[in-house]
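Have a look at the structure below before the remarks.
The structure presented is a predicted model; accordingly, all values stated were derived computationally and were not measured. Throughout, numbering of the chain's residues begins at 1 and tracks the sequence.
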Amino acid sequence: MATASSSLPLALLFASLLAGTVFGDIVDGIPMLQRFHAWQATYNRTYGTPAEFQHRLQVYSENVRFIDATNRLPGSSYEVGENQFADLTNDEFRDMYLMKIGEAVAPAPEAVGEGEGEGEPATGMSSGASGYLNSANGAPNRVDWRARGAVTRVKNQQSCGSCWAFAAVASIEGLHKIKTGQLVSLSEQEIVDCDRGGNDHGCDGGWPSAAMDWVARNGGITTESDYPYTGRQGQCRRDKTGHRAARIRGSQAVQRNNEAALERAVAEQPVTVAIEASRHFQFYKSGVFSGPCGTSLNHAVTAVGYGAERGGGRRYWIVKNSWGESWGEKGYVRMERRVRASEGTCGIAMAPSYPVM
């Protein structure tokens, strides 16, 4: 009689016979099952039942075929690859890691008050006026706030749609460094727990500018070490909200659908942007991401610079993500800049905003 410890391998063998076409697949000379086991080891992924193992193998194999087919397309400016999301369907990925469209994403303030001077931010919270209204006259050819010490390490939001809080915090961290000379890792969890209502809904998504306005109303935000991230929304720790490691006056919108204005803003400080994270974006590995993607904004990230490939190649935004360093280029993505569409690649120019001190 088989023991409990020996029954699982037998069950896996039986499942393998049922799914022979999947287990027998060979991609780039490597059997799919072998490739899946290697992926499991890399990402420390295990499954509770043979049925779950078989299902995840099927999903993984479909994603691998998508990845390999995408990389075979001629003339692509970027590469996709297996990452921590390779055993998730796109629907599962969107539900776990992106914001709920319609519930979380609201329009940014409209561009008004165009008589204001370029780069003169509003003095109050969430002013309707948009900063950096003029073209990118005087902006340098390339900017990288990482090289200037104004960007903390890449963080990981885990399976929580809290990207809006991470984007807001990254922009505040950058401005705090620029203004004070101190780079401090601030608390996303304080925003996730304490900024409730309106456009902000914890792990279901939110709006970076609204998060900045909450920080302003609160009188500041504490450090990550003081209020650590948990990957879920909990009760607001009121004893921590009075700990203020950084202070801002509010948020300011960049003129919408204007990449030149966005360049001018990013030349001054890191800026939050909203994008549509497509299936291709889910598996981005390296290069200049050019889509395909739409403009149904479902993910918030932070533009921390821009540049261009050597020899007059593609121009790009340097974007900090919040999916850990194993995604993309050590947690970053370069997104194509100055495209024909006024919205920018994946809608990056549709709703930028930045904090004001």
Side-chain angles (χ1 to χ4, degrees), residues 27-30 35-36 38-45 60-88 90 93-94 97-98 141-147 151-157 163 166-167 170 259 262-263 266 270 273-294 298-339 344-348:
V27 179
D28 292 338
I30 304 175
R35 190 164 171 170
F36 185 53
W39 178 87
Q40 282 184 282
T42 299
Y43 294 98
N44 194 28
R45 198 67 53 85
Y60 170 85
S61 66
E62 292 173 358
N63 284 330
V64 165
R65 283 190 282 268
F66 169 80
I67 289 166
D68 290 349
T70 299
N71 287 336
R72 286 195 298 268
L73 294 174
S76 178
S77 60
Y78 66 95
E79 182 180 0
V80 292
E82 298 173 38
N83 56 28
Q84 66 266 41
F85 307 130
D87 68 340
L88 299 176
N90 186 246
F93 167 75
R94 293 166 69 91
Y97 293 93
L98 303 181
N141 291 330
R142 59 182 64 243
V143 171
D144 189 343
W145 285 107
R146 298 172 300 180
V151 183
T152 60
R153 77 189 192 289
V154 171
K155 304 179 187 182
N156 194 338
Q157 69 186 67
C163 54
F166 281 82
E259 283 198 277
L262 182 55
E263 284 177 19
V266 174
V273 291
I275 62 171
E276 180 186 293
S278 63
R279 189 182 185 190
H280 292 78
F281 191 89
Q282 173 184 345
F283 293 114
Y284 168 82
K285 181 179 180 181
S286 63
V288 179
F289 186 78
S290 55
C293 53
N298 59 12
H299 189 46
V301 287
T302 311
V304 298
Y306 57 83
E309 294 177 314
R310 292 181 179 179
R314 290 178 185 253
R315 291 170 288 196
Y316 55 80
W317 297 104
I318 303 170
V319 176
K320 182 184 183 184
N321 202 353
S322 52
W323 294 341
E325 292 187 355
S326 63
W327 181 88
E329 296 182 334
K330 295 183 178 179
Y332 290 85
V333 54
R334 287 178 291 154
M335 300 182 66
E336 189 169 13
R337 177 171 59 97
R338 293 196 183 183
V339 298
T345 300
C346 305
I348 194 171

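- In summary, the aromatic rings of Phe281 and Trp327 are positioned with their centroids under 6.0 Å apart.
- Interatomic distance, Gln282 CD to Arg94 CZ, rounded to the nearest 0.5 Å: 9.5 Å.
- With respect to Arg153 and Glu325, no salt bridge is recorded, no charged nitrogen being found less than 4.0 Å from a carboxylate O.
- Looking at heavy atoms from C-beta onward, Val319 lies in side-chain contact with Ile348 at the 4.5 angstrom threshold.
- Contact annotation: the side chain of Ile275 never approaches that of Trp317 to less than 4.5 Å [non-hydrogen atoms, C-beta and beyond].
- Residues Cys163 and Leu98 fail the side-chain proximity criterion, which asks for heavy atoms closer than 4.5 Å.
- The minimum heavy-atom distance between Ala303 and Val266, with the atom names listed, is CB-CG2, 4.0 Å.
- Note that CD of Glu79 and OG1 of Thr70 are 10.5 Å apart. Values are rounded to the nearest 0.5 Å.
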For Trp39 and Asp87, what are the C-alpha separation, side-chain angles and deciding distance, and is it a side chain to side chain contact (heavy atoms under 4.5 Å, CB included)?
CA-CA 9 Å; Trp39 178 87; Asp87 68 340; 3.3 Å; yes
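- A side-chain donor-acceptor contact under 3.5 Å links Asn63 to the backbone of Ala86.
- Taking every heavy atom of both residues into account, Val288 and Ser77 meet most closely at O-OG, 2.5 Å.
- Distance CG/Asn141 to OH/Tyr306: 7.5 Å, rounded to 0.5 Å.
- Taking CG of Asp68 as the reference point, atom CG of Leu73 lies at 11.0 Å (rounded to 0.5 Å).
- In this structure, the side chains of Cys293 and His280 stay at 4.5 Å or more apart for every pair of heavy atoms.
- Taking 4.0 Å as the cut-off between side-chain N and carboxylate O, Glu259 and Arg337 do not count as a salt-bridged pair.
- Aromatic ring orientation, Tyr284 versus Tyr78: tilted (interplanar angle from 30° to 60°).
- Inter-residue side-chain proximity for His299 and Trp323 is flagged as met; some heavy-atom pair is nearer than 4.5 Å.
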List the steps and the verdict of side chain to side chain contact (heavy atoms under 4.5 Å, CB included) for Phe289 and Glu336.
CA-CA 6 Å; Phe289 186 78; Glu336 189 169 13; over 6 Å; no
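- A donor-acceptor distance shorter than 3.5 angstrom exists from the side chain of Glu329 to the backbone of Gly287, with no hydrogens or angles considered.
- Nearest approach of Ala308 to Arg142, heavy atoms of both residues: O-NH2, 3.4 Å.
- Residues Ile67 and Lys285 are not in side-chain contact: their nearest non-hydrogen atoms beyond the backbone lie 4.5 Å or more apart.
- In terms of heavy-atom proximity, Arg314 sits nearest to Ser290 at NH1-CB, 4.0 Å.
- Counting all heavy atoms, side chain and backbone alike, Tyr97 lies closest to Gln157 at O-NE2, 2.9 Å.
- At distances below 3.5 Å, at least one donor-acceptor pair connects side-chain atoms of Lys320 with backbone N or O atoms of Thr152.
- Between the side chains of Glu82 and Tyr60, at least one donor N or O sits under 3.5 Å from an acceptor N or O.
- Summarising the geometry, atom NZ belonging to Lys155 is positioned 10.0 Å from atom OG belonging to Ser322; distances are rounded to the nearest 0.5 Å.
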Between Tyr43 and Asn83, does the side chain to side chain contact (heavy atoms under 4.5 Å, CB included) criterion hold? Intermediate values first, please.
CA-CA 8 Å; Tyr43 294 98; Asn83 56 28; 4.1 Å; yes
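- The two residues Thr302 and Pro270 have their closest heavy-atom pair at CG2-CB, 4.0 Å.
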Working for side chain to side chain contact (heavy atoms under 4.5 Å, CB included), residues Leu262 and Val273
CA-CA 9 Å; Leu262 182 55; Val273 291; 4.3 Å; yes
